[in-house]
Amino acid sequence: MTVWLEIDGKKRRVELPPSLTGNAMECVVDGRALSVNAEMLQPGVLSLIVEGRQYRCILDKEGVLIDGRRFAFEVNDPRSLQGRRGAGAGTAGPRSVKAPMPGRVVRVLVAAGEDVVEQQGIVVIEAMKMQNELKSPKTGKVVRVSVAPGDTVGAGEVLAVVE
Amino acid sequence: MTVWLEIDGKKRRVELPPSLTGNAMECVVDGRALSVNAEMLQPGVLSLIVEGRQYRCILDKEGVLIDGRRFAFEVNDPRSLQGRRGAGAGTAGPRSVKAPMPGRVVRVLVAAGEDVVEQQGIVVIEAMKMQNELKSPKTGKVVRVSVAPGDTVGAGEVLAVVE
Amino acid sequence: MRRPIKKVLVANRGEIALRVIRACREMDLQTVAVYSDADRAALHVLHADEAYRLGPAPASESYLRGDLILEIAHGVGADAIHPGYGFLSENADFAEACVSAGVVFIGPPASAMRVLGSKTRARQAADAADMPRVPGSVTGLASIDEALRVASGIGYPVMLKAAAGGGGKGMRAVLSPGDLASAYAAAGSEAERSFGSGELYLEKLIERPRHIEIQLMADEHGGCLYLGERECSVQRRHQKVIEEAPSAVVSESLRRRMGEAAVRLALSAGYVNAGTVEFLVDAEENFYFLEMNTRLQVEHPVTELVTGLDLVHMQLKIAMGEPLELKQDDIRLRGHALECRIYAEDPENQFFPSPGLITRLVQPSGPGIREDCAVYEGWTVPLDYDPMLSKLVAFAETREMAIDRMLRALDEYTISGIKTNIALFLRILMDPDFRAARIDTGYLERLLDNGVAAAEGSTVPEDVVAVAAALLASSVREDIPAAGAALESKWAATGRQEGLRS
Amino acid sequence: MRRPIKKVLVANRGEIALRVIRACREMDLQTVAVYSDADRAALHVLHADEAYRLGPAPASESYLRGDLILEIAHGVGADAIHPGYGFLSENADFAEACVSAGVVFIGPPASAMRVLGSKTRARQAADAADMPRVPGSVTGLASIDEALRVASGIGYPVMLKAAAGGGGKGMRAVLSPGDLASAYAAAGSEAERSFGSGELYLEKLIERPRHIEIQLMADEHGGCLYLGERECSVQRRHQKVIEEAPSAVVSESLRRRMGEAAVRLALSAGYVNAGTVEFLVDAEENFYFLEMNTRLQVEHPVTELVTGLDLVHMQLKIAMGEPLELKQDDIRLRGHALECRIYAEDPENQFFPSPGLITRLVQPSGPGIREDCAVYEGWTVPLDYDPMLSKLVAFAETREMAIDRMLRALDEYTISGIKTNIALFLRILMDPDFRAARIDTGYLERLLDNGVAAAEGSTVPEDVVAVAAALLASSVREDIPAAGAALESKWAATGRQEGLRS
């Protein structure tokens, strides 16, 4: 089985043996052979031994934690794993200001049609007793503000669009 | 949905609402109505509030642990839950001596054809550095001994039969 | 006079509610939990003997509904209420209502709360107990003119603070007279919004102060002990992030002087039960009274570990009218304890809160590790309350070993599904300044200016990361069911699969 | 002389291997785990920096393979080996082999192990250090005739013991001369089977003795401390079940006398590193030398909690050649600690071992609770090793509160899928005799004669049990995957479901 990945923005191709017999596995990473000893303790919790070195690997929302350090990755396969977005996305064209988490809109700092600069405050939302100012992703003009103070918004919901 | 149970040897009939809306549920136990507030925190971990009293209920191998106390139960439905055996089984006819856990046979204390009394030692098996003498379930004659010293046996495996 | 307590209602949620419930169980007291609609699946409910719904998720409709809570306490025959911290814990009217309803409020008398709860009145009390304090206005400022007058009197820089405030809300540093007017307006309205009172006062700004507080425990019989200090200088936006006991800079004599001053203040106000007096300490070991918290503090566990005492057990005994069993000389500090407040927030993204479903939880344990935590795998962290998930506490013989032990524990800790500030702690605990105890209340903000990511580079080869990712991705677990969902989701399925009669 | 240690190989498994690995991480030492085929998914492997396979599951082919372990240590450049307890920890030949291979053995020198490891030689050393011991034969018994002669000399009842023995194997109580011959034969063959040596000795049987032991820590420079005692009288078949520190019956003066006697013995044998001297103590506070364990003990955590020290950190520093930092007067006991050994066994069915898959694990935490544990949800407890799953330890100001705290923690504890002895602990901790510290080495067997089930009846109404059972039964979880299975089982499925190219 072959898995295409993007790790910290870098494309990788990993060939895994078609089936697992025991823990020893011969893998091929970008053409290089790699012998590993793998054991899945719990779903999402993997012990990997490579040349004697043991790695504690835990599947995380944004990627994999290995020995306490996070590596963001994305499986380049539409049919696999949802929600493994890395960073990215260009700055050209309209950009939307999205709610990073569920919350309540406290203040709207701009109006449609207003010119804004990158990092200028657009909307303030509150969650868990903390207020957070959401800033403009780019310099441009506010084409739309889709929320008003008091609104509750879900994570990822578009609050405004800057063009 | 109706569930037939046997709890600590007693038959119970529990009618649960066909679907769950929120936590409040009207149940009927052996014809008596009972309003409960149920929340499943994790599969097998249930918080039950009845008339204000809160019960911490955890599904266990032999039954359910409620506030630390175990209640063995069995669902009287052939198609449901395997392996919820209570006690039971008569003393008439041939009875077999089974391995209560996986282990290794250390000694065989009787031979086929031998007369034995109830609780007489039949086989000694060892697991986790501990030896355990398995005793005859009844007074009678050993009709078969199916293991020899050194054999490894699985849980539930028949070691000998007494008639 | 002794009053028997048999059943305690815990008017709080989260780890502190569970911690109080555990203490009650250990003292063989019945426990009553209350919960909002967001908390039916919370652990403080699961571990209580009785549980009652308060209302919808917002605190104003649930955990702040003192009337409802008292009604429940009355209905179920609870003879005492433990308020925990936050919510109603410093509400003198509620404390009073409890007393008149014949329910013991596990905390100070309303009178003492009123004196010490208001910053301005507390400052007057502090002066009376001749406790050193930061020069500044004793009473609230009537106007911007008075503010300007007072400020020029004590000299800039100065700090504006909300009289009813806390947690940094309604606070502004002012460096010169020109900035005072705007800061006065901003702080006033922020205070109005946050506390319903715009009253401000003003004091001299101490440069690079440490935040050090004294834990007090007072009984009804005039007994009052100080249980050493806590160093809480590692703060972000005036919120404590790491606390420790003892402080690396407090000498035995400074401890005694601060402790005795704190005791004087408490006794002067007729204080009873657990309380904390906060001080600013400058580089010359001068200490200045800041404020008093008239409740159990979040960070009380570090004091428990170095004193060997259980503060909640002591609170309960005091509430029963018992005198303190210990004398001041019996209080001995041993070893060093460190607490990390693990928050559901994203340090790499402006510390945005990160509520949601916890899909994987691997918690540390073993020697010297204590965790006060009320989350679990499958729990959905609500967006309605404080983002604290857990208090991870490490104890060891020395400060250095406590830090290294905490690092070990944080390495073992995994919380998936939501963002947490665990990586931030690794960064702080490996920072030479923190390890050398060169910290003040501005320390963390300065550290954060250099970015959050931990310094040390990874020792994990790229190919290993690739294989790990590939294996995990291709054997990914089906998402674990959220609490509540568990029941419903399985429901139909099981009905079918097992053919239970419908 | 100081010797640097950078990398430690832990020649053990289970909770003690993990505990040692944690201590190493805290001291910034690299860790090397070794594992048998039954332990690839064990936590001591998951938490190590390096991990190497030893061989098949049986200890004789894995954890007892000193040759293999030394080979690995050599190959990976480990400068020290920590043996934990059991397995190779008291094997003098292995200790010697380490030294000659230039690897530090974290424990006493082989010479001291040889003297104190053999019970008969240890008894001679005890006499030399004029330490009181139970009257009896110093050397092994040559024959039944000698046994009869010695027995009549000291008077019945007497106890036959295996010279190379431990854990109660090869032990027999003999009440009258008539029973001696058969007991001698039985004990001899049992000793032969268990230890490869049938050598027996004989001593006077002390009535209702307590088992109390002294923890020692000795450096290479002639320094030796006693870290107080542990009360280990709650035993089943001579296996410790509950340990506590301090002992409820040991006075300050008795502690000093026992401690100083233990130190004398250790110094006389040139002992270094952690060790424990076991005593029998009778009702008149007489103490008799029993044996010395030349290693870290399972129950060391209770000593750590009351002294505030970390014994494994001390072991590592001593192994590096450092002198002890503390003097005897620095050792102060504070509070009370209790340890429950949670075993995979079925108290309701002759304590049969209960290996297998752990399908649900809910662990206690919070104030005063420490757990040293190396199992997890999804772990399959192997049948090849000791059945200990976890060491649950409770600390509090007093013995009574430590007991009640342990009860609280045990109530929170759930292990499903296998049987455990948790219910037995509830029974013991609620027993008036235990709570009054009226215990001796026969206490538990007597308690068990009255059956295991906890006394108190349930307060749970039948109908509630019925509804709980019905809800859980009809929303039953699919069994969680066993470790290892996780990977394979998901494999094909995922391949299909996600259509990853094959």
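Lettering follows sequence order; numbering is per chain, from 1.
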Arg104(A) versus chain C, the contacting section by heavy-atom distance below 4.5 Å:
neither
Per side chain to side chain contact (heavy atoms under 4.5 Å, CB included), Leu389(C) is matched among Ile418(C), Asn421(C), Ile422(C) by Ile418(C)
For Tyr55(A), does the six-membered ring have the charged nitrogen or CZ of Arg53(A) within the cation-pi criterion, i.e. under 6.0 angstrom from the centroid and within 45° of the normal?
yes
Counting only non-hydrogen atoms closer than 4.5 Å, does Phe352(C) touch chain A with its backbone (N, CA, C, O), its side chain (CB onward), both, or neither?
both
Under 3.5 Å donor-acceptor pairs involving side-chain atoms of residues 139-149 of chain A, not counting sequence neighbours:
residue   : atom : partner   : partner atom : Å
Thr139(A) : OG1  : Glu118(A) : N            : 2.9
Lys141(A) : NZ   : Gly113(A) : O            : 3.3
Lys141(A) : NZ   : Asp115(A) : OD1          : 3.3
Ser146(A) : OG   : Val158(A) : O            : 3.1
Ser146(A) : OG   : Leu159(A) : O            : 2.9

Chain C shares the most heavy-atom pairs under 4.5 Å, among Asp67(A), Val64(A), Leu48(A), Leu65(A), with Leu48(A)
Contact part of Ala344(C) toward chain A, heavy-atom cut-off under 4.5 Å: side chain, backbone, both or neither?
both
Contact part of Glu15(A) toward chain C, heavy-atom cut-off under 4.5 Å: side chain, backbone, both or neither?
neither
Tell me, side chain or backbone of Pro100(A) under 4.5 Å from chain C's heavy atoms, or both, or neither?
side chain
Heavy-atom nearest pair, Ser354(C) first then Lys419(C), reads OG-N, 2.9 Å
Where does Lys135(A) contact chain C at under 4.5 Å (heavy atoms): side chain, backbone, both or neither?
side chain
Does Arg13(C) make a cation-pi contact with Tyr35(C), if we ask for NZ or CZ under 6.0 Å from the ring centre and within 45° of the axis?
no
